[in-house]
Number of protein chains: 2
Amino acid sequence: MAETSGGEGLLYLTDEQLRKGIEAMFFAYRGFTADPDRILETLEYGRAHHRALHFIHRAPGTTVSNLLAILGVTKQSLNRVLRTLIDDGHVRSEKGRKDARERHLFLTEKGETLERQLSDAQRARMRAAYRAAGPAAVQGFRQVLEAMMDPDMRHAYNRLKESGA
Amino acid sequence: MAETSGGEGLLYLTDEQLRKGIEAMFFAYRGFTADPDRILETLEYGRAHHRALHFIHRAPGTTVSNLLAILGVTKQSLNRVLRTLIDDGHVRSEKGRKDARERHLFLTEKGETLERQLSDAQRARMRAAYRAAGPAAVQGFRQVLEAMMDPDMRHAYNRLKESGA
DNA sequence: AGATTTACGTCAGCCTTGTTGACTTTCCAA
DNA sequence: TTGGAAAGTCAACAAGGCTGACGTAAATCT
C-alpha cells in the first residue's frame, strides 16, 4: 500500500521498530492481566482458572477436549483447575447426550458471577485503552494481533469471533 | 474521526468488541512467545532467561535493581536466572566504579549470540505480522498497547524507547 | 460380537518460575 | 561512625506447566 520505491515506507519494519513492538507486547500483557490477577489472588485462584472460566462462558457447553485445544495445555493440567472450579460450584459438567463420553461444561450462576467480576475488571482497562487510542488504532491493533497468531489459534479465534458476533 | 451523532462510532467499545480484543491478546501472546520458547527448550532455559537477556542487551550496563524494576519480579527470582546465565558465560557482572555496591550487567559475546538468535526468531514473526497488517495498523497496535500498560511500565517502556531510537 | 479407538479422569513425579522471610556482606552518605 | 541501600544467598513453598502410566465408559470399526 505505502510501499514507495527504494525501501522508504518500510521503516516500520526495522529491527528497532520490531524491538519496540516486542517490548510493547511484554509490558502491555502485564497490564492486561494485572486487574483480574488481583481479584483471583483473594480467591486462591490463578490465571489458569480465569482462562477456563472465560472460555466456558464464551462457549457454553463446550467439551473438555475442545477446551484443551483452545487453552493449549495438557488434560492433566486443565483437570487440576477444572476440578477445583467444579468442586467450588463455579462450573457444571454434564454428560453428553449424543456422545456420552464427552463432558459439556457450563458456568453455574456462581461461576457466571465470578466470570463477570473478572472480565469487568479486564474490560475496564481494555475500554480505557481503546477509548484513549480511538477506533482506527483499535482496528490496527486487532489486525496485528491476528497476524501474530499461529494459524491454528487464528482459526480458533475466528470461530469464537463469529459465534460471539 | 468516525464519531457520528448519538453514540454511533462508539460501537468499538461494546463488551463484545472488548472481549474480542481480550481473546486476541491471549492468542497473540502465545504466538509471540512460541518461537523463542522452542529455542530455549533445547538449551534448558526458560522465558525468564530470555527476558533477562533481552533487557540486558537493550540496556547494557544496567544494574540489578534496574532490571528488577523492569521485570517486576523479586530479586530471589531474578537471581536464580541471572546465576545460571553468568555461570554459563552469557552474562558478565561488573562491580560499579562510582557505586561499588551496584553490579552492572553486560552480555558476553556468547550472550549476544544467543540473544540475537532468540530475538531473530521473535522478530521474524513480528515482522511478518507487521508486514501483513501494514504501517497504519502497526501504529494503532502500538498506541493501544501503550494505553494498556500500567503507568509505571509505560514510563519504563518510554525510557527504553528513547534510549533505543 | 469382539476388538479398537476415543474421551475423560486420575495418580505420581518432575520442572520452571514466581513468592515470602531471614540473614550477610559491602559500601555510600549523612 | 552509623544507618540504610544494593546485592547475594539459603530455605521453604505454591501455581501451573509437563510426561508417563493406567483405568473406565462409550462409540465405532471389522
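Here the structure is a predicted model, which means the values were calculated and not measured. Per chain, numbering begins at 1; letters A, B, ... match sequence-line order.
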Subject >> Note: B/R83-B/D87 ion pair, threshold 4.0 Å (strictly below) >> reply: yes
**OP:** Salt-bridge test for B/R116 and B/E109: reply yes if a basic N is under 4.0 Å from a carboxylate O, no otherwise.
**Re:** no
Subject >> Listed partners of A/F26 passing ring-ring contact (aromatic ring centres under 6.0 Å, His included), at least two apart >> reply: B/F55
Subject >> Contacts of B/H57 that satisfy ring-ring contact (aromatic ring centres under 6.0 Å, His included) - sequence neighbours left out >> reply: none
**OP:** Could you tell me which residues satisfy side-chain hydrogen bond (donor to acceptor under 3.5 Å, both in side chains) with B/D120, sequence neighbours excluded, listed by chain and number?
**Re:** B/R123
Subject >> Listed partners of B/T84 passing side-chain hydrogen bond (donor to acceptor under 3.5 Å, both in side chains), at least two apart >> reply: B/H49
Side chains of residues 89-98 of chain A: which donor-acceptor pairs under 3.5 Å do they make with residues two or more places apart or in other chains?
| from | atom 1 | to | atom 2 | distance (Å) |
| --- | --- | --- | --- | --- |
| A/H90 | ND1 | A/Y45 | OH | 3.1 |
| A/R92 | NH1 | A/E94 | OE2 | 2.6 |

**OP:** Let me have a per-nucleotide readout for nucleotides 13-22 of chain C, 5' to 3', with B, S or -, counting only protein heavy atoms under 4.0 Å.
**Re:** ----BBBBBB
Original post:
Under the salt bridge (Lys or Arg N to Asp or Glu O under 4.0 Å) rule, what pairs show up with a residue in residues 28-38 of chain A, not counting sequence neighbours?
Top reply: A/D35-A/R38, A/D35-A/R125, A/D37-A/R47
**OP:** Taking only heavy atoms on the protein side, list every residue of residues 30-39 of chain B lying under 4.0 Å from any atom of DNA chain D, sorted numerically.
**Re:** none
Name the pairs: protein N/O against N/O of nucleotides 27-30 of chain C, kept only if under 3.5 Å.
| from | atom 1 | to | atom 2 | distance (Å) |
| --- | --- | --- | --- | --- |
| C/dC27 | OP1 | B/K95 | NZ | 3.4 |
| C/dC28 | OP1 | B/A100 | N | 3.3 |

Subject >> Summary of side chain to side chain donor-acceptor pair (under 3.5 Å) pairs that have at least one residue in residues 64-80 of chain B, sequence neighbours excluded >> reply: none
**OP:** Not counting sequence neighbours, which residues clear salt bridge (Lys or Arg N to Asp or Glu O under 4.0 Å) with B/R103? List them please.
**Re:** none
Subject >> Rounded distance in Å - CG (A/N66) to P (C/dA7) >> reply: 11 Å
Original post:
Side chains of A/E102 and A/V64: does their closest heavy-atom pair fall under 4.5 Å?
Top reply: no
Original post:
Along DNA chain D, 5' to 3', what are the outermost nucleotides having an atom less than 4.0 Å from a heavy atom of chain A?
Top reply: D/dG16 to D/dA27
Original post:
Would a hydrophobic clustering, with Ile, Leu, Val, Met, Phe, Trp and Tyr connected at side-chain separations under 4.5 Å, put B/L68 with B/F106?
Top reply: no
